[in-house]
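These notes are about the structure you will find just below.
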Amino acid sequence: MKKRENWTSNVGFILAAAGSAIGLGNIWRFPYVTGTNGGAAFLLIFLAAIIFIGFPVIVAEISLGRNTAKNPVGAFKKIAPDTPWWVVGGLGVFTGFLILSYYSVVAGWSMSYIFKAINGFTPGTDFATLFGSHISGFGVPLFWHAAFMLITVLVIRAGVVGGIQKVAKTLMPVLFLILITLVIRAVTLPGAGEGLSFYLKPDFSKISIQTFTDAIAQAFFTLSLGMGAMITYGSYLSKDDNISDNAVYIIGFDTLIAVLAGLAIFPAVFALGFSPSAGPGLVFITLPGVLAEMPLGSFFGFLFFLLLSISALTSAISLLEVVVSYVVDEKGWERKKAAQIIGFIIFIVGIPPILGYSSLSGFSFLGMDVLDTYDWFANNIFLPLGGLLTSIFAAYVWKAKNMMKEANSAPGKITLGKGYEFLLKYIAPAGILIIMAFNIWTTFVG
Ligand code: PFF
């Protein structure tokens with residue numbers, strides 16, 4: 001059997017894991033959720049969610065991966081053989097599969113907008129109509145979805161070090177430089193202040209239970225938790241690296257990029273007299289409109305959609321790697337073949353979300369189209385459920401003390417103790433359970 005690959009350095013792991021964490025969730029979701037949920041007040045709650053729930057879960061996942069050197073299914077099996085706990089890993093593999101299928105469709109929109117920007121964003125264009133006709137086509141979105149999946153497959157085929165780590169090491173610094181350029185451009189526009197105030201001015205009157213559940217859901221998605229991505233990446237981590245220190249870096253980079261993304265978007269939106277909109281509308285409709293009015297706007301648009309596509313690629317890689325590592329470890333498939341076949345199946349599963357804007361537009365689940373339905377199940381059910389069961393598993397089946405021994409095995413700045421144990425055993429599971437119950441309740445009952 002081939003020896004399992006390891007990241008060649010600690011930095012390689014941090015960049016790959018940060019690449020997984022930093023994605024569409026940071027660049028289009030975080031800024032909007034923050035702006036409409038009370039700005040800095042939301043940011044505080046989000047930070048609390050990250051520290052009290054995100055941190056314990058990410059450390060548990062990385063430790064589980066490193067201890068077992070296995071994919072998510074194999075990791076649970078190794079620690080609790082002959083029990084049904086491996087199903088939690090299986091749920092993770094399934095969730096990775098599901099998320100990647102629509103994530104790639106959106107990433108495909110982003111790639112096609114790189115070219116729209118190169119051709120120039122013309123003032124006076126009706127960008128809402130342009131976006132509507134773009135996504136309601138079939139051939140064009142399908143082409144970009146295929147192109148994005150193809151690139152993702154090529155990276156995974158090339159292996160952990162030659163593919164994932166190399167791409168992360170090359171693209172993460174590029175991503176950071178582009179983002180800084182965009183922030184500087186945005187905050188120096190005359191009238192940028194209004195956008196800054198929309199984004200960050202604390203407004204505690206906007207805080208409700210919903211704010212807390214939004215913050216926890218965002219923490220899960222943005223840190224790639226609850227589906228085994230960090231178990232998988234942790235499984236390639238050397239025994240000499242300190243897990244808690246690494247987790248702090250990953251969380252720190254992820255949060256920094258999310259906050260910066262808002263600083264690149266809102267000052268520009270307000271400076272040019274636009275008002276912000278939600279999700280895809282913000283980046284694919286409002287922003288091109290803003291850019292069309294700005295000097296060198298098409299150039300900055302090119303940079304923005306390149307940034308968005310890069311962030312999506314390094315996340316997509318981790319989603320595919322979860323599924324591929326499973327069939328490689330458990331089913332004995334060869335990596336290249338696994339990447340191609342799984343990538344192709346995910347491409348097919350991504351077709352209904354595309355058709356949801358045309359021939360399947362009659363589909364509606366609680367008023368959502370196909371893509372939003374996939375996203376709803378992933379975000380509101382599968383990721384929190386995966387995170388909940390993983391934290392219970394680490395705390396009570398594997399046992400917190402064994403998990404912490406793994407995390408503490410290499411010297412570092414942080415040594416986990418009683419405080420961490422309390423978070424893992426009580427706070428994280430309870431917090432997750434509350435948001436799940438609340439989300440299901442508000443969707444189906446209230
Ligand atoms: N963290 C990614 C984002 O913020 O866009 C999304 C994601 C990637 C979720 C990988 C889960 C995952 F395993």
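Counting starts at 1 for both ligands and their atoms, following the listed order.
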Test: Asp329 and Lys78 ion pair at under 4.0 Å
no

For ligand 1, what is the set of protein residues having any non-hydrogen atom at a distance below 4.0 Å?
Ser20, Ala21, Gly23, Leu24, Gly25, Asn26, Tyr103, Phe221, Thr222, Ser224, Met227, Ala229, Ser315, Ser318, Leu319

So, do Phe382 and Ile99 sit near enough that their side-chain heavy atoms are less than 4.5 Å apart?
no

Would you say that more than 12 heavy atoms from the other residues, nucleotides or ligands in this model lie under 6.0 Å from the CZ of Phe365, or not?
yes

NZ/NE/NH1/NH2 to OD/OE distance under 4.0 Å, Glu334 and Arg157:
no

If the test is side chain to side chain contact (heavy atoms under 4.5 Å, CB included), which one of Leu424, Ile50, Ile250, Val248 qualifies with Phe55?
Val248

Measure the shortest side-chain to side-chain distance between Val93 and Val327 over non-hydrogen atoms and say whether it is less than 4.5 angstrom.
no

